[in-house]
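Below is one structure, written out as structure tokens, with a few remarks after it.
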Amino acid sequence: MSLILDEEQQLLQTSARGFFSARAPISQLRALRDENVTDCFDRATWSQMVELGWAGIPWPERFGGLAFGFKGLGVITEQSGRCLTASPLISSIWLCGAAILLAGSETQKLHYLPSIANGRHLLAMAFEERLRHAPGEIDLLARRTSHGFVLSGGKRFVLDGISADTIIVAARICNSACDTGGISLFLVPRDTPGVTAVSTRILDSRNVASIDFIDVQVPDSALLGAVGQGPELLDAALDIARIGLAAEMLGSAQECFERTVQHLKDRRQFGVALGSFQSLKHRAAQMFCQLELSRSVVLEALTALDEDRGRPEIAKLASLAKARLGATFHRVTREAVQMHGGIAMTDEFDIGLFIKRAAVADQTFGDVDYHVRRYAELEGY
Amino acid sequence: MSLILDEEQQLLQTSARGFFSARAPISQLRALRDENVTDCFDRATWSQMVELGWAGIPWPERFGGLAFGFKGLGVITEQSGRCLTASPLISSIWLCGAAILLAGSETQKLHYLPSIANGRHLLAMAFEERLRHAPGEIDLLARRTSHGFVLSGGKRFVLDGISADTIIVAARICNSACDTGGISLFLVPRDTPGVTAVSTRILDSRNVASIDFIDVQVPDSALLGAVGQGPELLDAALDIARIGLAAEMLGSAQECFERTVQHLKDRRQFGVALGSFQSLKHRAAQMFCQLELSRSVVLEALTALDEDRGRPEIAKLASLAKARLGATFHRVTREAVQMHGGIAMTDEFDIGLFIKRAAVADQTFGDVDYHVRRYAELEGY
Amino acid sequence: MNEAKEFVPSEASAESPASAEEFRSSVRRWLEENCPQALRGGGVMYHGGRKESVDPLVLQWFDACYSRGWTVPTWPRAYGGAGLDAEHARILREEMDSIGAPLPLNGQGVTVIGPAILEIGTPEQKLRHLPRIARGEARWCQGFSEPNAGSDLAALTTSARLDGDDYIVNGSKTWTTHGELSDWMFCLVRTDATAPKRNGISVLLLSMDAAGVSTKPIVLISGRSVFCECFFTDVRVAAADLLGRRNEGWTTARRILEHERSSESRPGGIIGSGPGSGSGGDGRTLSMLAREYGAGPDGRMRDPLVRQRIAEVEMEQRALALTQRRADEERARSGKGVPSEETSMFKYLSTELTSRRMETYLNIMGFQGLGWEGDSYTPQELQATRYWLYSKAFTIAGGCSEVQLDIIANRILGLPK
Amino acid sequence: MNEAKEFVPSEASAESPASAEEFRSSVRRWLEENCPQALRGGGVMYHGGRKESVDPLVLQWFDACYSRGWTVPTWPRAYGGAGLDAEHARILREEMDSIGAPLPLNGQGVTVIGPAILEIGTPEQKLRHLPRIARGEARWCQGFSEPNAGSDLAALTTSARLDGDDYIVNGSKTWTTHGELSDWMFCLVRTDATAPKRNGISVLLLSMDAAGVSTKPIVLISGRSVFCECFFTDVRVAAADLLGRRNEGWTTARRILEHERSSESRPGGIIGSGPGSGSGGDGRTLSMLAREYGAGPDGRMRDPLVRQRIAEVEMEQRALALTQRRADEERARSGKGVPSEETSMFKYLSTELTSRRMETYLNIMGFQGLGWEGDSYTPQELQATRYWLYSKAFTIAGGCSEVQLDIIANRILGLPK
């Protein structure tokens, strides 16, 4: 498959671009923030996206999807990034949907995927327990009982955790004598007794939750994948979500860059356009180059998902994309503030929303350092 | 003491600047290289420097010195850096002289220091055994015998090793049953049987030697400092030499920068002076700032030596200076080549000699990474 | 609220210049007795004026210092200072720092416009304004930036038309620090609309209580801010309140900006403070922070990449402080009492470094650095995150980094314009 | 030495366009049979011409490829090519790469001036020059740079005065790659001394064997080099050897430079090769190198800083290769057969990356990267050190990085000049 969009994908791109700029422009994010909406995203917009079929694009038709590939979903996600649209695309579709698609039983797939695609369900993934991304460090315990498991422990930084009705929880299975059982994933309804979520609106005006699990009883059927399959499953699902997030970051960075270039053309200082100053030109040109590299790694990673190239290759491409976009988005937003000058420091101007999103997106699913290190490890050095 | 030069030091600076540009300009280094002179420095120039008293500037008068402080020696060394003058200043004075001054017995001091100061002796320090600076990793063995030690092992990257008549060797003392005895320093005449030096002219047209020690017998009196005192002594002497080398690098970087600024003023491209291009201006201004920071850390480190501020502080300042100068010299030389363009790539132009020296000086006594890490360790984090 | 005080030189400040070491020990003794314990290591600084309520302990400390001329230690005694030379002033500062004493008085009056009036004000202006600044009676703000001017200060359009003995001022300013709390503004106005851009500008000393002045706060990406917009509608300013020459305000303003840059990059200046600065106050240093967050099970402090980044920032911090000291010494020796082009270097380096420091700061805090509000974050964490955003302004405000680099290249290196 | 050959289309190259997969497998079979084992994974490339002695095996490989039109696979068959479209050419290239087959023919003839003549040459020029390039009979060099022109190419002073049907050329060129080994030069000359700088320039196709041409080698900081200076004293060039329009050579040259940039940043171009490139040849990659030197007792490979730097370089290398592929695909779809402004991006990124890679390379080698000559260093080490120095030229030659950034800013981003 190729690194460019085919006609169908281009059409999808155009329609997504139109949709987000009309229905979910940056002013929507601002309004959600200022009105203190708990979900931190707009349910009506999400319903429209669901109606357009965007919540199940890559999945097979028998699970309610459109079988249009991850590249299709990536195209939409990138456009949502342009408008900084907050939606459950990353949490519910890219991450949880992927986990169920990868490891769900036929029953689970038939139960969850269509109802995610048609908007009945929203899922969130609870796996972070440390100060920063560390999917390998899971302390939350799942004690075996005669007819299931009892979960105890806490999770943090659960994206859209307050809005989801079902949480996928990564837990360490502990048999009779608290040995080190395998880490496994569980599907837990949010309203299960003992589950308490505290939501915080963070820097980028999105919601993350800290969720406590106090003696939460779940049946055997709550297991997603086999016992002990958690680490590899989590890793694989996260890689898909990392690629999706990278696509979103690409859209945001591209938009922020284009606004900055436009400002360089429009704004006059010292009697000339700001963009005629060579030092700014060079920095703009460097950003352009970084964005081109970014676009290539995102497209390649999406293509690899659709071609199902297998674990080591997809993992490398996910780290390549996430690291590259983390660095590019960081650079573009910092330069955008500096080049816009004082106006970019004011809350009423949009550039500040991009720099905030860049900081959060970088830390989500592993920052630049994390993925550069991971790439080196995957390459075996 | 202050961070600026007093009148006497300014006079010394002026006279050193005059001396090096008249007697040891860059063309001398070029000639030594092209004529393949073994020492890789000019003995006659060195004799003149000795006559001026520069080989013993910081030492007490009773050891043949001028008691003029390390700041005095630093001023001279900086000026030698401007001309890329190759001399045994770093190897024999800053490093070996310091080691003897720090730990020599009265007899050793009276034997070596005056004769280093008056040019009779040249010393070199043999301590590197690894691929890069690692003064803590010494495998060369010193087996105890009834009347002294027998040294066996190899050293590399011995600065001016081929020109020195006496080598200070770092060895691991091994008693009867090869236990891990302390690391200690030994003063070994180069012509002792079993000592073989192979010299190489390296990148910057200076000489370093690989020296093999095969059953080299030395008496007890060859010990410099106490048994086991090697690590701390080596560390302390190296810190003095690092500060000296940083002073030299400051002079070189400053000269390279000034040549580049002059080129920016003189060279015309596209109908205007190269230096009127804003992107080059900004990079030149950034280099200027880095050089100012560099000058401050060197002066502070020299001052700390003269004030004898004690180990942890001097160690920190040595790492601060060496790391800063490593980074600055690197940056200035790379920019110098880029800003000069093609002409700087030709051997007949001098800028290339600066970039070569920068690479060697960075690795000598620990590169930027090494000293940033060391600074963090010394600060306790 | 502080009351009007008259300046009565105390015995101490009237004594003849002491040797450096004598001075140091006398300062030390005095501070030990007079600096309130509760203020040490984190007191709020007083900015003068009467529009903000101030902790009585802070005023007590202010009064004690004022009695020795130490609210403006280098100013002549006639204007409420102590007439200290650079070296003695540095010693005073070092001794204050060593016990964590806050500056007794801060703000644009003491750091920017005071020194400028001292340099170019008329005798009347000096007597009218300087003692009031020293006594903490007048808080000052700066009226330079305008919405459509940006870095191109000279593009300003606020006009001052002469009408008898008064100027009539119309227009607006932005990025005015605490305009709403200030008593006076030094304000760049256009006094000749027909002259080329940099000509026809003047500096007015304008009372913020005059009729026709209003202010509106600016909300920043970091939240509420110290800045406001100021609007002027037919504001009358006496012609005697013109600082420097009429229509040559550009030169005056440049000088004022040099004072500003110089003050900003020093500890105590807005840019030298805040979380993560190496300079005390309530800020934790990067290495303290790293130890705090590295103690967790992820062992972040053992992360060699982060450690290297921290060390790089702290090493540059130290190099910068040494360079400041070296510049002070060179100025003291040359007798050139006032900073000039070199301030561009300090402005550039210190603001870029703060920006880098805050990026590292955020990185170390991990998820805890991404909070906006709520109980999941400590107040310190929330403050640090917002300060990280706020710090983006430092490389823009007061002459952006690009302008500073231009100045260094043109005026110090002599590269062609 | 290769002999003159006539172009006889072989059966294979005459067959109708095969499907991609059929083509791929037929190429694979053919390569397996025809590419000499000894050349795979590190053969010397042939640059054409007869002034340098060439390994007979290399010539055998050249002949085999020539028989299929694969020395210039995308050129029309009439000029010795195989008429492949971009996709088929990429497949051919990938299959060659996969067994480490060297390019059968390289150099400025096939990568730069050939495509330019194809685009703008007269029918006579095409027939005269293209088959000779394809047949390996003519090696070409570039005569653009002059000692006093630098990045400002248009400041050139080498003159060409019309004298009957000939131009008389006087002046000098520098940075000519293997001028002494070349048969022809495409040479920028000034044909109208009175016109403004960029007007009055023309491109001549000039025989290096003509009377009045001489060359002198240039020694670089890395040692002996492929470059020389070329001097012209009353050299006669037929007017028919003018490429493009008279006095409009600037436009021609710009097009030529785009071809050059495009070729340089690709594997096989001078910049894509050398130690440390990710693209095979005899270069070790950074990670190979790190393993080699990290095996020592200092455990360098476990140094997380170095590992991070290596990964950053290798990740950018991969991103760049993907971007090249994407650009190829976009070009193929748009039908725009020839690279344009985007080549500036590739030139900039690939040369800066090579420079960074070589700095990292040197860093990994430690003391062993500081040798100049002698037995203490392996030949690979010495070669790497010199290549590190040589690599400094890449961001300067062929339009320095600053010029590329200007082009990107002006022509792609549309920022005002």
Side-chain angles (χ1 to χ4, degrees), chain A residues 1-7 257-258 260-262 264-266 268 272-301 303 316-317 319-321 323-325 327-328 368-369 371-381, chain D residues 87 285-292 294 301-302 304 306-334 341-342 344-350 352-353 401-417:
Chain A
M1 230 188 273
S2 86
L3 281 170
I4 53 180
L5 301 182
D6 63 26
E7 249 174 73
F257 173 68
E258 287 173 14
T260 305
V261 169
Q262 196 55 49
L264 292 178
K265 291 178 185 173
D266 295 343
R268 296 184 72 80
V272 295
L274 208 51
S276 60
F277 287 99
Q278 197 198 29
S279 71
L280 300 186
K281 272 188 189 185
H282 281 193
R283 283 152 55 189
Q286 285 163 340
M287 282 192 274
F288 170 81
C289 293
Q290 292 306 313
L291 277 165
E292 288 298 304
L293 297 180
S294 298
R295 179 164 301 281
S296 308
V297 297
V298 167
L299 282 166
E300 174 74 356
T303 304
K316 281 182 209 172
L317 288 172
S319 282
L320 183 67
R324 162 78 38 197
L325 267 295
T328 301
V368 177
D369 282 355
H371 285 290
V372 172
R373 182 164 48 230
R374 184 167 180 257
Y375 188 90
E377 282 162 9
L378 289 166
E379 285 281 343
Y381 52 83
Chain D
E87 191 194 359
T285 64
L286 282 179
S287 53
M288 285 162 60
L289 198 75
R291 272 185 214 108
E292 196 175 328
M301 194 44 209
R302 289 190 301 276
V306 173
R307 185 176 61 174
Q308 207 83 353
R309 255 174 240 147
I310 292 171
E312 280 167 6
V313 170
E314 298 217 332
M315 288 167 93
E316 181 152 333
Q317 170 84 23
R318 180 143 189 203
L320 183 55
L322 288 170
T323 307
Q324 283 275 15
R325 224 183 81 206
R326 186 162 65 85
D328 287 346
E329 289 183 20
E330 276 171 8
R331 255 201 319 279
R333 180 166 61 188
S334 73
E341 282 91 2
E342 73 192 15
S344 284
M345 176 177 79
F346 290 118
K347 163 69 165 77
Y348 170 74
L349 285 174
S350 63
E352 293 289 337
L353 182 60
S401 289
E402 289 79 6
V403 166
Q404 307 306 333
L405 291 174
D406 281 338
I407 293 174
I408 294 167
N410 295 339
R411 295 198 218 157
I412 300 182
L413 301 180
L415 292 176
K417 286 226 173 177

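Chain letters run A, B, ... following the sequence lines, proteins first, then strands; residues in each count from 1. It should be emphasised that the depicted structure is a prediction, and the values quoted were computed from it without experimental measurement.
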Does A/Gln286 reach the side chain of D/Leu349, with side-chain heavy atoms less than 4.5 Å apart? no
CZ-CD distance between D/Arg307 and A/Glu379, expressed to the nearest 0.5 angstrom: 12.5 Å
Given a strict heavy-atom distance threshold of 4.5 Å, which part of A/Glu377 is in contact with chain D: side chain, backbone, both, or neither? side chain
So which atom in A/Ser319 and which in D/Met315 form the shortest heavy-atom distance, rounded to 0.1 Å? O-CE, 3.7 Å
Any idea which heavy atoms bring A/Arg324 and D/Ala319 closest together, and the distance? NE-CB, 4.3 Å
Are A/Glu292 and D/Glu342 packed together at the side-chain level, in the sense that at least one heavy-atom pair is separated by less than 4.5 angstrom? no
Residue pair A/Leu3 / D/Glu329: nearest heavy atoms and the distance that separates them: N-OE1, 2.8 Å
Closest-packed option against chain D by number of heavy-atom pairs under 4.5 Å, given A/Val372, A/Val297, A/Val368: A/Val372
Scored by heavy-atom pairs under 4.5 Å with chain A, the best of D/Glu402, D/Glu312, D/Glu352 is D/Glu402
Chain D heavy atoms under 4.5 Å from A/Leu378: which part of the residue, side chain, backbone, both or neither? neither
Correct closest heavy-atom pair for D/Arg318 and A/Leu317 would be NH2-CD2, 3.5 Å
Distance from D/Arg325 atom CZ to A/Ser2 atom OG, nearest 0.5 Å? 8.0 Å
Which one of A/Val261, A/Leu264, A/Leu320 has the most heavy-atom pairs closer than 4.5 Å to chain D? A/Leu320
Closest non-hydrogen contact found for A/Ile4 with D/Arg333 is CD1-CZ, 3.6 Å
Among A/Ala376, A/Ala273, A/Cys289, A/Ala327, which has the most heavy-atom pairs under 4.5 Å with chain D? A/Cys289
Report yes if some heavy atom in the side chain of A/Tyr375 is under 4.5 Å from a heavy atom in the side chain of D/Gln308; otherwise report no. no
If we ignore hydrogens and angles and just use 3.5 Å, is the side chain of D/Arg326 paired with the main-chain N or O of A/Leu299 as donor and acceptor? no
Show me the donor-acceptor pairs, under 3.5 Å and distance only, between side chains in residues 407-417 of chain D and residues at least two apart or in other chains.
unit_1   : atom_1 : unit_2   : atom_2 : d
D/Asn410 : OD1    : A/Lys281 : NZ     : 2.8
D/Asn410 : ND2    : D/Asp406 : O      : 3.3

